[in-house]
There are 2 protein chains.
Amino acid sequence: MTSGTLVPVFAALGDETRWSILAALGDGDASASALAERLPVTRQAIAKHLAVLQEVGLVEPLRVGREVQYRVVGGELSATAKRLDALSAVWDRRLAAIKEIAEGL
Amino acid sequence: MTSGTLVPVFAALGDETRWSILAALGDGDASASALAERLPVTRQAIAKHLAVLQEVGLVEPLRVGREVQYRVVGGELSATAKRLDALSAVWDRRLAAIKEIAEGL
DNA sequence: GAGTAATGCAACTCAATGGTTGCAGTAGTC
DNA sequence: GACTACTGCAACCATTGAGTTGCATTACTC
């Protein structure tokens with residue numbers, strides 16, 4: 001009920017730079033170096049972000065020759081949305097029940 | 001496209017303690033002091049968490065006599081789910097388009 | 001094989017944040 | 001009016017995390 005593995009995904013999504021990276025990857029797969037040319041941060045910073053994104057399954061690495069390209073795992077985002085939706089449904093029911101009680105039965 | 005006000009909400013949801021607080025509030029409205037009796041952290045720590053939850057609209061304060069009870073704003077959770085769902089739909093389309101191109105026209 | 005261009009790893013800085021304790025203020029209760 | 005219990009504020013500590021620079025390593029290219 002406490003959402004299990006959801007929290008780390010939210011934590012990963014709670015950072016603007018990470019969204020910039022996802023947005024950039026949305027234009028097509030890219031390596032950390034390539035991303036560094038498009039974003040105002042270092043390659044290493046991007047590498048770290050990619051690591052946390054990969055950790056929660058939002059992105060996956062793909063070795064191409066001497067570089068490592070990253071690709072957005074679309075399914076993970078949808079899955080997160082669905083799980084959050086399910087959670088919010090539970091919440092709504094719960095809150096409705098409370099309200100009913102509070103409004104004096 | 002970068003989701004605007006969504007990121008802070010995710011950041012707020014990316015913390016286990018905050019979920020504990022939300023879960024506890026799910027059993028009914030409660031004050032920071034009341035929550036402190038049920039959770040393994042200080043009242044002040046809870047107060048801070050409540051502040052960030054309130055900041056992103058997940059919770060709202062309600063003065064009752066000399067105490068301030070907090071209530072989960074159910075709608076905000078659902079709204080976040082919906083916005084994330086919409087976002088992931090955009091992503092899926094985008095990724096599908098890329099895949100199509102990548103697979104050689 | 002030499003050169004080049006990518007990744008990987010490590011150490012470091014700095015700011016944010018989760019947490020604490022302590023105290024002041026405020027508002028019910030007797 | 002005195003007591004009590006709750007909130008609010010401030011200072012402080014420790015940890016995490018975003019970001020940097022520097023260097024080693026690996027793997028294509030010529």
Side-chain angles (χ1 to χ4, degrees), chain A residues 2-3 5-25 27-73, chain B residues 2-3 5-25 27-73:
Chain A
T2 322
S3 74
T5 174
L6 249 189
V7 181
V9 181
F10 286 133
L13 292 177
D15 183 279
E16 295 281 1
T17 305
R18 237 114 61 187
W19 277 100
S20 309
I21 291 176
L22 287 176
L25 287 181
D27 295 336
D29 303 352
S31 65
S33 300
L35 289 170
E37 293 172 0
R38 302 174 53 185
L39 298 176
V41 285
T42 321
R43 193 205 85 213
Q44 283 81 348
I46 290 179
K48 284 191 192 176
H49 284 303
L50 284 172
V52 344
L53 288 172
Q54 180 182 346
E55 185 83 12
V56 299
L58 281 168
V59 117
E60 69 185 5
L62 185 60
R63 183 123 224 158
V64 177
R66 81 178 121 188
E67 62 184 58
V68 179
Q69 296 195 340
Y70 286 83
R71 148 177 314 169
V72 175
V73 178
Chain B
T2 321
S3 74
T5 175
L6 248 190
V7 181
V9 181
F10 286 132
L13 291 177
D15 183 277
E16 295 281 0
T17 304
R18 239 114 61 186
W19 278 100
S20 309
I21 291 176
L22 287 176
L25 286 181
D27 296 337
D29 302 352
S31 65
S33 302
L35 289 169
E37 291 172 3
R38 303 174 53 184
L39 298 175
V41 286
T42 321
R43 191 205 87 215
Q44 283 81 348
I46 290 178
K48 284 190 191 176
H49 285 302
L50 284 172
V52 342
L53 287 173
Q54 179 182 346
E55 185 84 11
V56 299
L58 282 168
V59 117
E60 69 185 4
L62 186 60
R63 183 125 224 157
V64 176
R66 81 176 123 189
E67 61 184 59
V68 179
Q69 296 195 339
Y70 286 83
R71 150 177 313 169
V72 176
V73 177

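In what follows, every chain begins at residue 1, and chains take the letters A, B, ... in the order their sequences are listed. FYI, side chains are in, hydrogens and waters are out, and symmetry mates aren't considered; it's all heavy atoms of this structure.
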Practice item. Have a look at B:Ala32 and say if it touches a base, only the backbone sugar-phosphate, or nothing, with a 4.0 Å heavy-atom cut-off. Key: sugar-phosphate
Check your understanding: Do the non-hydrogen side-chain atoms of B:Leu13 and B:Val56 ever get within less than 4.5 Å of each other?
Key -> no
Revision key, fill the gap. Residue set satisfying salt bridge (charged side-chain N to carboxylate O under 4.0 Å, His left out) with A:Asp15, at least two apart, ordered chain then number -> none
Exercise for review: Would you mind reading off the distance between A:Glu37 atom CD and C:dA5 atom C1', rounded to a whole angstrom?
Suggested key: 11 Å
Practice item. Could you note down all residue pairs passing salt bridge (Lys or Arg N to Asp or Glu O under 4.0 Å) where residues 64-73 of chain B supplies at least one of them, sequence neighbours left out? Key: B:Asp29-B:Arg71
Exercise for review: Mind jotting down which residue pairs meet the salt bridge (Lys or Arg N to Asp or Glu O under 4.0 Å) criterion with at least one end in residues 30-41 of chain B? Sequence neighbours excluded, please.
Suggested key: B:Asp27-B:Arg38
Practice item. State which residues pass side-chain contact (heavy atoms from CB on, under 4.5 Å) with A:Ala34; sequence neighbours excluded, sorted by chain then number. Key: A:Ala30, A:Ser31
Exercise for review: Whole angstrom is fine here: how far is it from CG in A:Leu39 over to C1' in D:dT20?
Suggested key: 16 Å
Check your understanding: Which whole-number value in Å describes the distance from A:Glu67 CD to C:dG8 P?
Key -> 11 Å
Exercise for review: Start with the C-alpha gap between A:Leu35 and A:Ile21, add the side-chain angles, then the distance that decides, and say whether side-chain contact (heavy atoms from CB on, under 4.5 Å) holds.
Suggested key: CA-CA 7 Å; A:Leu35 289 170; A:Ile21 291 176; 4.0 Å; yes
Exercise for review: Could you list all the side chain to side chain donor-acceptor pair (under 3.5 Å) pairs where at least one residue sits in residues 42-65 of chain B, not counting sequence neighbours?
Suggested key: B:Arg18-B:His49
**Study point:** The single option from A:Val59, A:Leu53, A:Leu58 passing side chain to side chain contact (heavy atoms under 4.5 Å, CB included) against A:Leu25
**Key:** A:Val59
Point to revise | nucleotides 13-24 of chain C: protein proximity per nucleotide (B base, S sugar-phosphate only, - neither; heavy atom, under 4.0 Å) | key: -----SBBBB--
Exercise for review: Between protein and nucleotides 25-30 of chain D, map the contacts as a letter string: B base, S sugar-phosphate only, - none, heavy atoms under 4.0 Å, written 5' to 3'.
Suggested key: --BBS-
